[in-house]
Amino acid sequence: MEIQNDLPKTFDPKAAEDKWYQIWLENKSFKPKKGKQNRTFTVLMPPPNVTGKLHMGHALDATTQDTLIRYKRMKGFETLWIPGTDHAGISTQAVVEKLIWKQEKKNRHDLGREEFLKRIWAWKEQYGAEIVNQQKKMGVSCDWDYSTFTLDDVPNKAVKKFFVSMYNEGLIFQSDYIVNWDPALQSAISDAEVEHKEVKGHFYSLRYKVLDAPETELIIATTRPETIFADTAIAVNPTDPRFKHLIGKTAVIPICNREIPIIADEHVDIEKGTGCLKVTPGHDFNDFEIGKRNGLPIINILNTNGTFNKNAPEIEGLRPKEARAKVEELLTELGVLVEKKDHVHPVGHGERSDEIVEPMVSKQWFLSTKAMSEVAVEAVEQGEMTFYPKGWENTYFSWLRNPKNWCISRQLWWGHQIPVFYCRSCEAQWASEETPAECAKCKSEDIFQDPDVLDTWFSSGLWPLSTLGWPDETAMKEKRFEDFYPNATLITGFDIIFFWVARMMMMGTKVTGTPPFKDVYIHALVRDKQGRKMSKSLGNGIDPLDMVGQYGADAMRFTLAAGSGYNRDLNLDPERIEGYRNFVNKLWNAFRFISPYLEKAKDELPIHSEWHLHDKWILAELNTVTRSMNEALDLYRFDEACSEIYQYVYEKFCAWYIELSKNILNGPDERAKVLRATMLKFCFRKIVILLHPVVPFLTEEIWSHLSGGKSLLIDQEYVEFDPQLENLEVQTMMNKFIEVTTGIRNIRSSVNLKPKDEIDVKLFTDDKKLAKFMYESRHFLKDLANVKSGTIKPKSSEKPRRSASLANAHTEIFIPLEGLIDIGEQVSRIRKDIEKTQADYQKVESKLENENFMRNAPEEIRTEVKEKARSFQDKLTSLNDILASFQ
RNA sequence: GGGCGUUUAGCUCAGCUGGGAGAGCGCUACCCUUACAAGGUAGAUGUCGGGGGUUCGAUCCCCUCAACGCCCACCA
């Protein structure tokens, strides 16, 4: 049969991708539409940072979310997927500062706040647009009209509204408190932004003099000798017998010779170090607490850039590393350095700058999260919000059950400026959503706004609200806040469970009383094929757009979806994308095969009685895969959904159904031809519907042919399980048919028959239904295994001698080739099979002989095992007969 | 120091409530067979990390050891 076909042999993704994306946009397919579910389904895209280009993690975000949203849309939910971008305070400011320094050798202070912000906005416009462009290439079906940037008007209002209300409630407060100070950024950062890394340092033991007890010397161990200038006490444990008598006495700090009290504090660990702790309330978190408990003064010895100030005159102007060397030198000179040994210990580093963070006391804004975090924990405990996979709730809990005040102020320029105002005349301080013209108290016009900006995650925490218009009533109405809040599912990576998920839960629940989403699906982290994190320094990053260009968006999406289940790593090998590109192309070619028959095909299925056994089978299998896919997608098992449909398309549909159809489509029976064409079309429509959420472009392209261009696939209803299509009997029959056919091919291969060599096959089976079906299928066997002639008889019939042969549980297959085959080879092949079957048989037989098994195992299992034993026995009998025929 | 996770075919991984070890890629042989060589047919490969326990039965449950990875933690 020569097929006249204008369709190209390989699918060209490029043309289809741009074309269909444009059409979907024009058709407003991404906009929410009421469906048969009469329910909304909202997904919030984690807004990418405007720092640069998208990476594979974003592609995974996009793929899983788009798959979910297309699936739910087709299932009849009124879906809304909200895109957006994040200003990413520190990151973006740092990137732009670096760029300006490189190009103009100017820092932000040289430019001034206004000019510098102008530059960042220009950067944002450029990269924001590029991000959107990249997302479109991946096929994301989000509602672009909802697109929001964190510094837009409404999010600004949200931030101010929340801040002011928390300020007035007393939950946001300003305090001189010890914070993580990043000297590179010259800003405070939050606990969550500090990474602890193991650092090689030294343990210094210093000798202190004690006044009124000249015979006593205290030995103090420290890793940071340079901080002695800020010490305001020595602490010992109140129960420590070694030092009890010294409590209340005075010690003298070497170098600066300042006198400090020896105090008692529970915090001091008797076992650790020497049992004596130098207390530095200005530059250590624990010491700060000790200082508060004991009313100690605080001394700050650092400048904001990380150098030492005049409070440490001997090392003024030096950086900590140099200062340490200098202090070591001085201590040695004084003879008070008793010991110095190597010591590995964890040191906090800034997440963005990678600089050592210096604890420092400074005036910052804090949000008290204690009450909010309790509510956020409860929401998950009571099932109002569920993590998929469930294990991640532990991570979430561990963070929220140990709440600390969140330092929300940053000494940066790029971000939401803190809406707190000060009066120079009367020193009043107040928070306001509107920018005031005068002091709220004394009406003076000499007022100014707090120069700091808020932590980026402050606005991120309000994202589910602000993207739907909150708190602007007009915007909320327009964006249908009531209908779309709360979100259905949040999809994101585990690295931001603390930063983002926890904060959204706290803040969203605080404002509305309802958690911002019902499900949180945590996807894996994309790594390279060796499992290493993709990073610039390793140069192992894969650019999603490169992959789209090389293999097509569909192939990349399928690869990412196929790798997304409940795993925490996704090791991506570009070869896998190539493999799935081949799958996409396979589907295309299956369609090419069908396309000439589409004209003949009817749109409605004929009545059931006309269906061929093949038809019943392929529909039953389709039904099975439909159920699996629905179940898998409902549980965010994208990997299972993909493997189910992959298997169906490749094995069931292409390898068997299409191959079996050729005979009919080439045959003389016109009615059968129409029926088969109709069936092929029907199944193919279902296949592309099932696949569309993962593989949107190719399926839409094929749909345009299947539907005659009358409708869009994106708008179709998803396939649902149909109990009427179940047909276990037919599936069993086809499995036997496939076994026999494969058996014949197996024999052919074992005796090196060429595909062109026609054969005569003698089948022996006692399964009458199978015998009948095999007989009816004789023409198909010609196509499938080049069988020219054959017979089917009961097993008791006389069998050919010395033939190439094989047996399974139900059928013995003989290909008479006397004189053409190597008898020895055949005999050894049969013997090997006997051995294996014998072993299998003995395994199950021993179970049946085991009294305990027969007594304890459930009926179901016993029957199953008996069934197996019988089939192994049947196969053995047949194999032994065959072996005998060679004697 | 605390917590979590991983360990199954050469590679990447699946294996859902315990009941004859799977997929994809790769590999081998043969085939340009009339949708597809980005293809077809057939095939090889596993002490399911080690040890113990529960059970009629363990890749799956419990204990223990080991290796690797991640997160958290006050830098004495």
Side-chain angles (χ1 to χ4, degrees), chain A residues 1-3 5 7 9-11 196 199 201 203-204 220-224 227 235 267-269 272-279 284-289 343 345-348 356-357 359 391-392 394-395 398-399 402 494-495 497-498 525 529-531 551 562-563 565 567-573 575-576 578-596 631 635 637 639-640 643 646-647 654-655 658-659 662 666 742 745-746 748-750 752-756 783 785-786 840 843-844 847 850-858 860-862 864-865 868 872:
Chain A
M1 163 182 53
E2 185 63 29
I3 291 185
N5 212 325
L7 302 170
K9 267 189 164 185
T10 50
F11 174 62
H196 288 269
V199 166
F203 221 168
Y204 301 87
I220 291 181
T222 179
T223 55
R224 294 193 298 165
T227 61
H267 170 78
V268 180
D269 186 339
K272 227 166 169 180
T274 58
C276 292
L277 178 67
K278 65 190 263 312
V279 185
D284 185 285
F285 285 89
N286 288 307
D287 295 3
F288 182 78
E289 296 298 328
H343 182 57
H345 56 125
V347 176
I356 292 182
V357 165
W392 288 114
N394 292 327
T395 305
S398 74
W399 168 262
N402 184 22
F494 58 80
D495 48 334
I497 289 178
F498 304 145
L525 206 69
K529 70 174 190 179
Q530 286 140 352
Y551 303 112
N567 46 327
R568 66 168 67 191
D569 297 311
L570 198 174
N571 296 354
L572 186 69
D573 182 349
E575 268 187 34
R576 300 205 53 141
E578 188 183 335
Y580 289 123
R581 188 273 315 264
N582 296 351
F583 170 69
V584 167
N585 192 50
K586 181 80 180 174
L587 197 74
W588 173 248
N589 275 290
F591 172 67
R592 282 182 72 230
F593 171 79
I594 292 169
S595 69
E631 285 172 357
L635 291 170
R637 289 302 304 259
D639 53 345
E640 270 183 21
S643 89
Y646 183 100
Q647 163 74 16
C654 291
I658 284 189
E659 291 308 321
K662 288 177 179 173
N666 284 333
T742 310
R745 288 170 175 171
N746 185 321
R748 291 185 64 110
S749 163
S750 81
N752 293 320
L753 283 172
K754 303 277 177 216
K756 281 176 192 148
D783 298 332
N786 207 1
D840 288 341
K843 223 186 244 169
V844 286
K847 279 190 176 182
N850 183 335
E851 280 174 35
N852 286 323
F853 174 78
M854 295 308 281
R855 198 167 46 233
N856 294 324
E860 226 180 81
I861 300 296
R862 289 204 311 267
E864 207 175 287
V865 172
K868 274 177 202 160
F872 285 137

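Letters A, B, ... are given to chains in the order of the sequence lines, protein chains preceding strands, and every chain is numbered from 1.
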Give a yes/no on whether any side-chain N or O of [X] is located under 4.0 angstrom from OP1 or OP2 of [N].
X      : N     : result
A:R745 : B:A42 : yes
A:H196 : B:C74 : yes
A:N856 : B:C56 : yes
A:K9   : B:C36 : yes
A:N571 : B:C11 : no
A:H343 : B:C75 : no

Looking for any heavy atom pair under 4.0 Å, which part of the strands does [X] touch: base, sugar-phosphate only, or nothing?
X      : value
A:V357 : base
A:R581 : base
A:A590 : base
A:V584 : nothing
A:N567 : sugar-phosphate
A:I356 : base
A:T742 : sugar-phosphate
A:R637 : sugar-phosphate

Task: Taking every non-hydrogen atom, the tightest pair across A:V279 and A:A235 - done: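 Closest approach of A:V279 to A:A235: CG2-CB, 3.6 Å.
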Open item on the list: Which heavy atom of A:A785 sits nearest to which heavy atom of A:R748, and what is that distance?
Closed with: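 Closest heavy-atom pair between A:A785 and A:R748: O-NH1, 2.7 Å.
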Nearest to the side chain of [X], which nucleotide is it out of [options]?
X      : options             : answer
A:N394 : B:C4, B:G40, B:G19  : B:C4
A:Y646 : B:C75, B:G24, B:G19 : B:G24
A:K754 : B:C31, B:A73, B:G26 : B:C31
A:F498 : B:C4, B:C71, B:G19  : B:C71
A:F853 : B:C70, B:A42, B:G19 : B:G19
A:T223 : B:C56, B:C75, B:C36 : B:C75
A:K662 : B:G19, B:A35, B:U41 : B:A35
A:H345 : B:G69, B:C36, B:C75 : B:C75
A:N582 : B:C75, B:C36, B:A38 : B:A38
A:R576 : B:U12, B:U33, B:G19 : B:U12

When the distance from [atom1] of [X] to [atom2] of [N] is rounded to whole Å, what number comes out?
X      : N     : atom1 : atom2 : value
A:R568 : B:C71 : CZ    : P     : 10 Å
A:N752 : B:U28 : CG    : C1'   : 14 Å
A:L570 : B:A14 : CG    : P     : 10 Å
A:F593 : B:U34 : CZ    : C1'   : 10 Å
A:W392 : B:G3  : CH2   : P     : 17 Å
A:F494 : B:G69 : CZ    : P     : 15 Å

Task: Residue met sooner reading RNA chain B from 5', once A:C276 and A:N852 are mapped to nucleotides - done: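 It is A:N852 whose nearest nucleotide is closer to the 5' end.
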Task: Which residue lies more 5' along RNA chain B, comparing A:E659 with A:T10 via nearest heavy atoms - done: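 In this pair, the answer is A:E659.
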- [ ] Check the pair A:R855, A:N852 against side chain to side chain contact (heavy atoms under 4.5 Å, CB included), reporting the backbone distance first and the verdict last.
- [x] CA-CA 5 Å; A:R855 198 167 46 233; A:N852 286 323; 2.4 Å; yes
TODO: Identify, with sequence neighbours excluded, every residue that meets salt bridge (Lys or Arg N to Asp or Glu O under 4.0 Å) alongside A:E631.
DONE: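 Not a single residue meets the salt bridge (Lys or Arg N to Asp or Glu O under 4.0 Å) criterion with A:E631.
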Open item on the list: Test of understanding: with salt bridge (Lys or Arg N to Asp or Glu O under 4.0 Å), list the residues that count as partners of A:R568, not counting sequence neighbours.
Closed with: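 Applying salt bridge (Lys or Arg N to Asp or Glu O under 4.0 Å) to A:R568 gives none.
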- [ ] Could you give the distance separating B:A58 and B:G18 at their C1' atoms, to the nearest angstrom?
- [x]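 Straight-line distance between the two C1' atoms is 6 Å.
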TODO: Please name all residues satisfying side-chain hydrogen bond (donor to acceptor under 3.5 Å, both in side chains) with A:N786, sequence neighbours left out, ordered by chain then number.
DONE: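 Checked A:N786 against side-chain hydrogen bond (donor to acceptor under 3.5 Å, both in side chains); matches are A:K782.
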TODO: Report yes if the side chains of A:Y580 and A:Y551 come closer than 4.5 Å at any heavy-atom pair, otherwise no.
DONE: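 Heavy-atom side-chain distance check fails, nothing below 4.5 Å.
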Open item on the list: Should the side chain of A:N286 and the base of B:C74 be counted as holding a donor-acceptor pair, with the cut-off at 3.5 Å?
Closed with: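 Answer is yes: a donor-acceptor pair is held.
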Open item on the list: Using the ring-ring contact (aromatic ring centres under 6.0 Å, His included) criterion, which residues pair with A:H343? Sequence neighbours excluded.
Closed with: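 Partners of A:H343 by the ring-ring contact (aromatic ring centres under 6.0 Å, His included) criterion, ordered by chain and then number, come out as A:F203, A:H345.
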Under 3.5 Å, side-chain donor or acceptor atoms of residues 581-588 of chain A against the rest of the protein: list the pairs with distances, not counting sequence neighbours.
from, atom 1, to, atom 2, distance (Å)
A:N585, OD1, A:F11, N, 3.1
A:W588, NE1, A:P8, O, 2.9

Task: Pairing string, 5' to 3', for RNA chain B - Watson-Crick or wobble contacts under 3.5 Å, brackets [ ] where pairs cross, | to another strand - done: (((((((..((((.....[..)))).(((((.......))))).....(((((..]....))))))))))))....
